[in-house]
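Okay, structure first, notes after.
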Amino acid sequence: MARAYDVQAVEQRWQQRWLAERDYEVDAGDPRPPWYALCMYPYPSGPAHQGHVRNYTFGDLLVRHRTMQGYAVLTPFGFDSFGLPAENAAIRTGEHPRSFTEARIAELKSSVRALGAVYDWRREVRSHDPSYIRQSQAIFLAFLRSGLAYRAQAPVNWCPGCQTVLANEQVLADGTCERSGDVVERRDLEQWFVRTTAYADELLDSLDDLDWPERVKTMQRNWIGRSEGAELRLAVAGRQEEGLVLRVFTTRPDTLFGMTYAVVAPEHPLVDELTTADHRDEVEALRRAASAASEIERTSDGGSLGLAKRGAFTGSHVVNPATGEPVPVYVADYVLMGYGTGAIMAVPAEDERDWAFAEAHGLPVVRTVQPPDDFAGGAFTGDGTKINSGFLNGLAVATAKERAMQWLVDRDIGSRRVNYRLRDWLVSRQRYWGCPIPVVRCPVDGVVGVPEDQLPVLAPDDVELLATGESPLRRHPTFGQATCPVCGGPAERETDTMDTFVDSSWYFLRFCDPWAEDRPFDPAVAAHFMPVEQYIGGIEHAILHLLYARFFTKALVDVGLAPGVPREPFRRLFTQGMIRMGGSKMSKSKGNLVAPAKYFDTVGADALRLFHLFVGPPTDDVDWTEQTDEVIEGCGRFLDRVWRFSVEAAGTVRWATGDPAPRDLAVARSTHRLVAKVSDDLERWSFNTAVAACMEFTNDVYRYLRDEVPPHRPTYEAAADTLLLVLAPMAPHVTAEAWERRRGEGARIHRERWPAFDPDLVRQDRVTMVVQVDGKVRDRIDVAPELTEDEATALALASTRVQDALGGSPPRRVVARPPRLVNFVS
RNA sequence: GCCCGGAUGGCGGAAUGGCAGACGCGGGGGCCUCAAAAGCCCCUGUCCGAAAGGGCGUGCGGGUUCGAGUCCCGCUCCGGGCACCA
């Protein structure tokens, strides 16, 4: 495709200038108001893919637009450079993860530059840099001191493929690993945790004030899963004198009269205590089956209700405190140890899971809520009148809940309790390419943090990375040997590393002050730039990254590392759509990548950027089809027209002499309307319509310039300048070049102020008024915008088409909405 | 199963309750050219009609309104999230 200008030469020249001229380096002392724009920290997987291009196109548009509006825009870039792929590559090829990662960083960086996106590169942060590792470790130690980080034995998710434990958040709903896809196993191991649950309420409540997509907030709320209810203590029948009680959690204390049995999880500590000799074999068999079972069998499979629920009777009974009757206690794997107390009161009539279990095991059902007449049967979980429930009879569910709760509290059987689905975050990983956890274990002093002056703890380079995935640091001959900082005796060094989500949980704070050496960042500087005004990234981070980052920010303030920093890091969040091809997500693993480099080398970065802006609303997914290349070329064609109009036209046109004519004034009005429209669209993230407005304007002024009637030169110049200015954030290279050609050597369009518009000129001087009869358009009349209702009606009635449609009789009703429309009802 | 989105020409999409289909892609025609490419200009929802003009039309069925792609009720299909969390 022959182009109007030398695309590659122009784009490369400006990319070099932007690097050299450093316009986007800002500091806390900048007199302009700060504005923090941030795209999500990428994992460096090689050259940018279309998802990156889309992300950074939006980000760069924002950076350039806000800068032109007079803000000191903080626009940092960095790399989430720890992670498994580098380790896996090392196993395959023998290349060290560091050199592998740094090569991928260089590739990504170069394609980000080829896109023409501008950053303050002085602030580049990389997770695997010793300076960053040091501060991640300092933060871990601060958490350790304040009790936010702790070590505990727990049933954990073990991925046999990755040979490491995973956070709950990294296990998919079907029980497989989000990375490798292997079926995750459950193992009892001692691991490091971070106390995210301590912030459960704040993480939930402060979502309300965030300007985030509602669905992301909903996903986080569901993930935190706060539920209010009662914890009650059930006496074990015949064991009252020992004081043996079973603690259960319920959100439905009103259904107590319907409890016909109880269930404990297979891992429940009281199972042995409760199991009588004649039931031991059965219970043991069930426990073995449950512990061998993977999450996939245990949760997801059985999750579909109606599947057989495995369980075994313990031989013990607990007393239903409402009826005084003993009910059997079962062990069943549909009750999870990790939630509530690991034991439940089972009410089959009002709980579907309990119903399924009761049916399978022939247990009785007592309804305590009257189902509606047309109810099909099974568990009824809706609202209704309480029955078979003694003092609760006749009440509605909500009232009965409260009454039952009070009854339990008064008798000291139960207490109010809030439970969360959210668990503490398991942060330790048995991997090499991650941030080492900076502690040692001393036989005398126990677990001791490495003193700050000995940080960073760096993993050795000479490690063997084996296909079995066995922890390379644990196998290392010397890394594990340490000296106890307290007693000076020999100690054992921790060989686990941190989940890479730790790195991405505070990088946005480090960006504010990446030069700090004795602390993660200067809190005053962070307080100046934070919060991130606009955060841009993929919807896939709706839960994990965003929840962890929110937690970290709050925790950093509370442990004293970030005084004055806002507790919520991201004021506005934008989640872009995915790039899809043939119905599935475009990704490296699917092998359906369409590399951006191909476009950089042909139509150019500006055309590709414009395509991403133009193709549809930024939230929507993009379908990459056979037609896509043609659309991208269309964007290139449009830029050619902009070029010809703004750079080449002036030399070939014969100008009018004298004052501007009405058609010149009309173009001047369009110019002001363009500014108004694009300004508004950019604020509303309606980029596709902003591009469309520029195209429409270009078409109009092109015709104006080529008309036989000579155009008015100042009108043309203003139109050309304005078009370039509003396009400057969207297509930075071609507009920069055209501007310099128009204004002379050294002129920089991106240093100009964003254009203003005159509201008087934006208003149309003539508008088309639609005249309808019974809602059907019968005529269109050109009117002045300020005409009155009466004038509008009179004009409309004068129309012969309208009179024909009315058939001679006067309208029964007139709806006049000047200057848009008049509607006659016949 | 529950909770969110979404459905508009051949395609991507546009439209504060007031001209449905802006803009672009694709398609058609014309100009330029020896010719082609590029460029420039015009047309392009659908049906009837030679035309003027008219009928129909925003997933389906109802409703509110002078007027509904837009608001309300009930569905269908597609996409996403959650899913034994008591």
Side-chain angles (χ1 to χ4, degrees), chain A residues 1-4 173-174 213-216 218-219 221-223 225-227 229 248-252 255 263 298-307 309 332-336 338-347 350-354 356-357 419-423 539 542-543 578 580 583 610-611 614-617 619-623 625-635 637-638 640-641 644 686 688-699 702-703 706 768-777 779-780 801 811-817 820-826:
Chain A
M1 172 174 174
R3 295 291 297 265
D174 65 357
E214 212 42 57
R215 67 182 177 135
V216 174
T218 303
M219 283 162 73
R221 284 188 191 109
N222 292 342
W223 190 261
R226 181 187 154 103
S227 59
V248 300
F249 175 72
T250 181
T251 55
R252 292 291 302 273
T255 62
V263 185
R298 193 97 186 255
T299 59
S300 160
D301 247 21
S304 1
L305 296 163
L307 282 183
K309 291 200 179 311
D333 62 357
Y334 82 96
V335 171
L336 308 174
Y339 185 78
T341 60
I344 60 157
M345 57 176 239
V347 186
E350 277 94 34
D351 184 286
E352 292 177 28
R353 300 152 300 186
D354 296 345
F357 188 84
N419 260 319
Y420 301 91
R421 215 187 77 109
L422 181 74
R423 314 288 164 80
I539 186 72
I543 300 175
M578 289 188 310
R580 305 218 266 187
L610 211 59
F611 163 78
F614 181 61
V615 68
T619 41
D620 286 10
D621 288 350
V622 177
D623 271 310
T625 67
E626 319 78 56
Q627 218 190 97
T628 300
D629 279 5
E630 282 160 351
V631 178
I632 296 172
E633 277 169 24
C635 291
R637 263 196 301 275
F638 163 66
D640 284 341
R641 283 165 72 82
R644 290 191 200 98
S686 183
N688 53 332
T689 55
V691 175
C694 292
M695 290 175 167
E696 198 171 4
F697 179 77
T698 305
N699 292 342
Y702 228 73
R703 273 190 294 268
R706 287 165 174 272
T768 302
M769 183 174 77
V770 170
V771 187
Q772 300 179 333
V773 176
D774 295 328
K776 284 186 197 295
V777 180
D779 204 359
R780 297 186 172 91
R801 296 184 198 193
R812 283 195 297 124
R813 184 170 169 186
V814 180
V815 181
R817 295 282 180 276
R820 305 291 294 272
L821 158 143
V822 175
N823 187 16
F824 295 113
V825 184
S826 67

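In the text below, chain A, chain B and the rest are named by the order of the sequence lines, each starting its count at 1.
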- In terms of the nearest nucleotide of RNA chain B, which residue is placed more toward the 5' end: A/Met219 or A/Asn699?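 Result: A/Asn699.
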- Message: By nearest heavy atom, map A/Gln772 and A/Asp620 onto RNA chain B; which one lands nearer the 5' end?
- Response: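 Its nearest nucleotide being more 5', the pick is A/Asp620.
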Categorize [X] for me: base, sugar-phosphate, or nothing, with a 4.0 angstrom heavy-atom threshold over every strand shown.
X	answer
A/Tyr702	sugar-phosphate
A/Arg226	nothing
A/Arg703	sugar-phosphate
A/Asn823	base
A/Gln627	base
A/Val770	base

- Message: Any carboxylate oxygen within less than 4.0 angstrom of a Lys/Arg side-chain nitrogen, looking at A/Arg221 and A/Glu214?
- Response: yes
Nucleotide nearest [X] (side chain, heavy atoms from C-beta), chosen from [options]:
X	options	answer
A/Val631	B/G12, B/G79, B/G24	B/G24
A/Thr251	B/A86, B/C3, B/C25	B/A86
A/Glu696	B/C23, B/C84, B/C82	B/C23
A/Arg421	B/C66, B/C82, B/G13	B/C82
A/Val815	B/A83, B/A15, B/G18	B/G18
A/Val335	B/C40, B/A86, B/C23	B/A86
A/Glu630	B/G26, B/A86, B/G24	B/G26
A/Thr768	B/C19, B/G13, B/A15	B/C19
A/Arg801	B/G24, B/G53, B/A86	B/G53
A/Thr689	B/C23, B/A83, B/A14	B/A14

What's the gap between [N] and [M] when it is taken at their [atom1] atoms, as a whole Å value?
N	M	atom1	value
B/A22	B/C77	P	32 Å
B/G28	B/G17	P	39 Å
B/C40	B/C32	C1'	8 Å
B/A20	B/A68	C1'	12 Å
B/G21	B/G45	C1'	8 Å
B/G29	B/A37	P	12 Å
B/C47	B/G57	P	15 Å
B/U58	B/A14	C1'	12 Å

Looking at [X], does any N or O in its side chain come under 4.0 Å of the phosphate oxygens OP1/OP2 on [N]?
X	N	value
A/Arg637	B/G24	no
A/Lys776	B/C56	yes
A/Asn688	B/A14	yes
A/Ser227	B/A86	yes

Less than 4.5 Å apart, side chain to side chain, heavy atoms only: is that true for [X] and [Y]?
X	Y	result
A/Asn699	A/Phe697	no
A/Phe249	A/Ile344	no
A/Tyr334	A/Val263	yes
A/Val347	A/Glu350	yes

Whole angstrom is fine here: how far is it from [atom1] in [X] over to [atom2] in [N]?
X	N	atom1	atom2	answer
A/Arg817	B/A68	CZ	P	14 Å
A/Leu610	B/C23	CG	P	16 Å
A/Met578	B/G5	CE	P	18 Å
A/Phe611	B/G13	CZ	P	10 Å
A/Trp223	B/A83	CH2	P	6 Å
A/Arg820	B/U16	CZ	C1'	9 Å
A/Arg644	B/G39	CZ	P	6 Å
A/Asp623	B/A7	CG	P	14 Å

- Base B/C40 paired with A/Arg706 side chain (donor-acceptor, <3.5 Å): no
- Item | Donor-acceptor pair under 3.5 Å, A/Arg215 side chain vs B/G5 base | no
- Message: Check for me whether A/Arg641 meets the cation-pi criterion with A/Tyr702, that is, NZ or CZ under 6.0 Å from the six-membered ring centre and within 45 degrees of the ring axis.
- Response: yes
- Report, as yes or no, whether the 6.0 Å neighbourhood of atom CZ on A/Arg226 holds more than 12 heavy atoms from other residues, nucleotides or ligands.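 Correct, the count exceeds 12.
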- Can you tell me which stems RNA chain B forms when a stem means 3 or more consecutive Watson-Crick or G-U pairs under 3.5 Å?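 Output for stems: B:1-7 with B:76-82, B:10-12 with B:23-25, B:26-31 with B:39-44, B:45-48 with B:53-56, B:59-63 with B:71-75.
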- Item | Closest non-hydrogen atom pair between A/Phe611 and A/Ile632, with its separation |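 In this case the closest contact between A/Phe611 and A/Ile632 is CG-CG1, 3.5 Å.
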- Query: Where is the tightest heavy-atom contact between A/Pro617 and A/Asn688, given as atom of each residue plus distance?
  - Reply: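 For A/Pro617 versus A/Asn688, the nearest heavy atoms are N-ND2, 3.7 Å.
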- Task: Any chance you could lay out the side chain to side chain contact (heavy atoms under 4.5 Å, CB included) test for A/Met345 and A/Thr255, step after step, and finish with the verdict?
- Result: CA-CA 9 Å; A/Met345 57 176 239; A/Thr255 62; 3.5 Å; yes
- Using a 90° cut-off around 0 for syn, call B/G81 syn or anti. anti
- Message: Would A/Phe614 and A/Cys694 count as a side chain to side chain contact (heavy atoms under 4.5 Å, CB included) here? Give the steps.
- Response: CA-CA 11 Å; A/Phe614 181 61; A/Cys694 292; over 6 Å; no
